[in-house]
Amino acid sequence: MVETAVQAKAADLIKAASFVVVLTGAGVSQESGVPTFRGKDGLWDKYDVTTLATLDAFIGDPEYVWKWYDYRRNLLTSVRPNEGHYALTRLEDWCSSHGKEFSLVTQNIDDLHRVAGSKRIYEIHGNIWQVKCLNACTNKIYEMRESPLGKIPPECPDCNGILRPNIVWFGEMLDPFVIHSVEADLLECDLLFTVGTSTTVYPAASFPLTIRSRGHPVIEINVEETEFTPLATLFIKGLSGHSLPGIVDLLS
Ligand code: BV8
């Protein structure tokens, strides 16, 4: 089907739904200039994830891991949301003005959905601008916008230990409160969009499978097919910054 026809079908599915959930991955931020992880020129092409995005790696060399996050934070100081982020904000507003529930579940840690104006956001892998004490001396989560960092690794103001990024690393549990809320929304969800994600990281990769197994439609938007694509109700091949606005423009 040509893109406009699948966009029209997607708009019809939104109109028929009562609880729309959107799952996003790094692809949604790609057009803002934020590198993805697994595509060509992806972060994992240049860096070894096991020496960076794990608690063991951090404990082993907090300075090395913080320098990587400081570099990524620096990149983010000059990027802005793209049309795909803003389309999701418009979709959320359209849903609430038409008596439908909406939530945005993002694997992204770049804060761009919030900057674009999305309200009901679950950042299931954390947020790159937030930090917390490595020793968990308190449960406080601090906002730390300093970029580049003056001191690496940054010090906990409460115990003088080390602050770590408030990010979920591989092998770490997701925040139980966040995942509980996401699971509650998925129970009510009758239409899921999965946008700009390779659907390779769990438990997020299980969300589209769960919704399909309950017999509800899942619309996938990606520049290339993924392992999930054969199970998608609709696959819209294209840039999320183009496809999403096209769909939302069709909602009267
Ligand atoms: C956990 C933070 C309990 C770091 C990240 C089964 C169940 C549970 C866990 C597991 C399981 N099997 C394996 C595990 C362990 C592991 C896992 O999933 N491993 C994978 C690699 C197999 N999961 C965990 O450890 C999770 N913890 O479940 O705890 C547990 C623990 C251990 C064992 C069992 C249970 C924690 C996962 C969180 C890890 N942290 N990030 C950091 O970012 O610095 S994950 C990392 O990958 C990012 O957060 C990213 O968001 C995420 C997913 O990647 P994507 O967002 O999809 O990005 P990617 O580059 O891969 O793809 C981009 C896509 O966009 C592509 O498809 C591309 O084509 C497309 N695209 C590009 N441009 C565009 C576009 N599409 C549209 N428009 C465009 N313009």
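- In this structure, NZ in Lys151 is found 9.0 Å from CD1 in Ile162, a value given to the nearest 0.5 Å.
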Inset, instruction - Quick one: do Cys133 and Tyr142 satisfy side chain to side chain contact (heavy atoms under 4.5 Å, CB included)? Show the steps, please. - result: CA-CA 9 Å; Cys133 176; Tyr142 303 90; 5.6 Å; no
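- Checking side-chain atoms of Ser118 against main-chain N and O of Arg114 turns up no donor-acceptor pair under 3.5 Å.
- Using a distance-only test at 3.5 Å, with no hydrogens or angles considered, a donor-acceptor pair links the side chain of Gln7 to the main chain of Ser243.
- A distance of 9.0 Å separates CG of Asp70 from CD1 of Ile128, quoted to the nearest 0.5 Å.
- Scanning all heavy atoms of the two residues, the minimum distance from Arg164 to Glu172 falls at NH1-OE2, 2.7 Å.
- A distance of 11.0 Å separates CG of Asp93 from CG of Leu88, quoted to the nearest 0.5 Å.
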Legend entry - Leu76 vs Val79, side chain to side chain contact (heavy atoms under 4.5 Å, CB included): CA-CA, chis, key distance, verdict: CA-CA 5 Å; Leu76 286 170; Val79 305; 3.7 Å; yes
Inset, instruction - Take Asn222 and Phe235 through the side chain to side chain contact (heavy atoms under 4.5 Å, CB included) test and state the conclusion after the steps. - result: CA-CA 8 Å; Asn222 201 310; Phe235 174 63; 3.9 Å; yes
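- In this model, no donor atom of one side chain and acceptor atom of the other lie less than 3.5 Å apart for Gln30 and Thr36.
- Counting heavy atoms from C-beta outward, Leu250 and Lys15 have side chains that stay 4.5 Å or more apart.
- One distance of note links CD1 of Ile247 with NZ of Lys9; it measures 12.0 Å at 0.5 Å rounding.
- Phe19 and Leu209 fall within the same hydrophobic cluster, defined by Ile, Leu, Val, Met, Phe, Trp and Tyr side-chain heavy atoms under 4.5 Å apart, directly or through other members.
- Under the 4.5 Å side-chain heavy-atom criterion for ILVMFWY residues, a single connected hydrophobic cluster contains both Leu23 and Leu186.
- Considering all non-hydrogen atoms of both residues, Gly161 and Asn135 come closest at CA-ND2, 3.9 Å.
- Side-chain contact annotation: Glu31 with Asn82, donor-acceptor N/O pair under 3.5 Å absent.
- Closest non-hydrogen pair, Leu112 versus Pro81, comes out as O-CG, 3.7 Å.
- Using a distance-only test at 3.5 Å, with no hydrogens or angles considered, a donor-acceptor pair links the side chain of Thr89 to the main chain of Ala116.
- In the hydrophobic clustering of this structure, Leu134 groups with Ile167; members are Ile, Leu, Val, Met, Phe, Trp, Tyr whose side-chain heavy atoms approach within less than 4.5 Å, directly or through other members.
- By the 6.0 Å and 45° rule, Arg72 stacks over the aromatic ring of Trp68.
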Inset, instruction - Please assess Thr24 against Thr197 for the test side chain to side chain contact (heavy atoms under 4.5 Å, CB included), listing each intermediate value before the final yes or no. - result: CA-CA 6 Å; Thr24 63; Thr197 179; over 6 Å; no
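- Here the OH atom belonging to Tyr71 is positioned 15.5 Å from the CG atom belonging to Leu149, to the nearest 0.5 angstrom.
- Closest approach of Ala205 and Thr200 over heavy atoms only: CB-N, 4.1 Å.
- Looking at Tyr122 and Asp175, their side chains never bring a donor and an acceptor atom within 3.5 Å of each other.
- With rounding to the nearest 0.5 Å, the separation of CG in Leu55 from CH2 in Trp169 is 6.5 Å.
- Side-chain atoms of Thr233 do not come within 3.5 Å of backbone N or O of Ile219 as any donor-acceptor pair.
- In the hydrophobic clustering of ILVMFWY residues, with side-chain heavy atoms under 4.5 Å counting as a link, Val21 and Leu234 come out apart.
- Distance alone, capped at 3.5 Å, is enough to place a donor-acceptor pair between the Thr106 side chain and the Asn108 backbone.
- When the shell of 6.0 Å around CG of Asn139 is examined, it contains 12 or fewer heavy atoms from other residues, nucleotides or ligands.
- Taking the six-membered ring for Trp and thresholds of 30 and 60 degrees, Trp66 and Phe58 have ring planes more than 60 degrees apart, a perpendicular arrangement.
- Partner Glu92 forms a side chain to side chain contact (heavy atoms under 4.5 Å, CB included) with one of Arg120, Lys100, Glu101 and no other, that one being Arg120.
- Other residues, nucleotides and ligands contribute more than 12 heavy atoms inside 6.0 Å of the CZ atom of Arg214.
- Between His113 and His85, the two ring planes are perpendicular [angle over 60°; tilted spans 30° to 60°].
- With Ser29 contributing its side chain and Ser32 its backbone, the two residues share no donor-acceptor pair below 3.5 Å.
- Counting heavy-atom neighbours within 6.0 Å of Glu227 CD, excluding the residue itself, gives a total of 12 or less.
- Ile14 and Ile236 fall within a single hydrophobic cluster, where Ile, Leu, Val, Met, Phe, Trp and Tyr side chains are chained together by heavy-atom contacts under 4.5 Å.
- Put simply, the side chain of Arg145 never gets that close to the backbone of Trp129: no donor and acceptor are under 3.5 Å apart.
- At least one side-chain heavy atom of Leu91 sits under 4.5 Å from a side-chain heavy atom of Leu251.
- When every heavy atom of Ser97 is checked against every heavy atom of Trp94, the shortest pair comes out as OG-O, 2.9 Å.
- Between the Lys132 side chain and the Lys140 main chain, no donor and acceptor come within less than 3.5 Å of each other.
- Looking at heavy atoms from C-beta onward, Glu123 lies out of side-chain contact with Ile109 at the 4.5 angstrom threshold.
- The environment of NE2 in His98 is crowded: more than 12 heavy-atom neighbours from other residues, nucleotides or ligands sit within 6.0 Å.
- Put simply, the side chain of Val182 reaches to within 4.5 Å of the side chain of Phe207, judged on heavy atoms.
- For the residue pair Asn127 and Asp111, a side-chain donor N or O sits within less than 3.5 Å of a side-chain acceptor on the partner.
- A donor-acceptor pair is defined here as one N or O able to donate and one able to accept, closer than 3.5 Å; no such pair exists between the side chain of His216 and the backbone of Ile211.
- Smallest separation of non-hydrogen atoms from Gly84 and Leu244: O-CD1, 3.8 Å.
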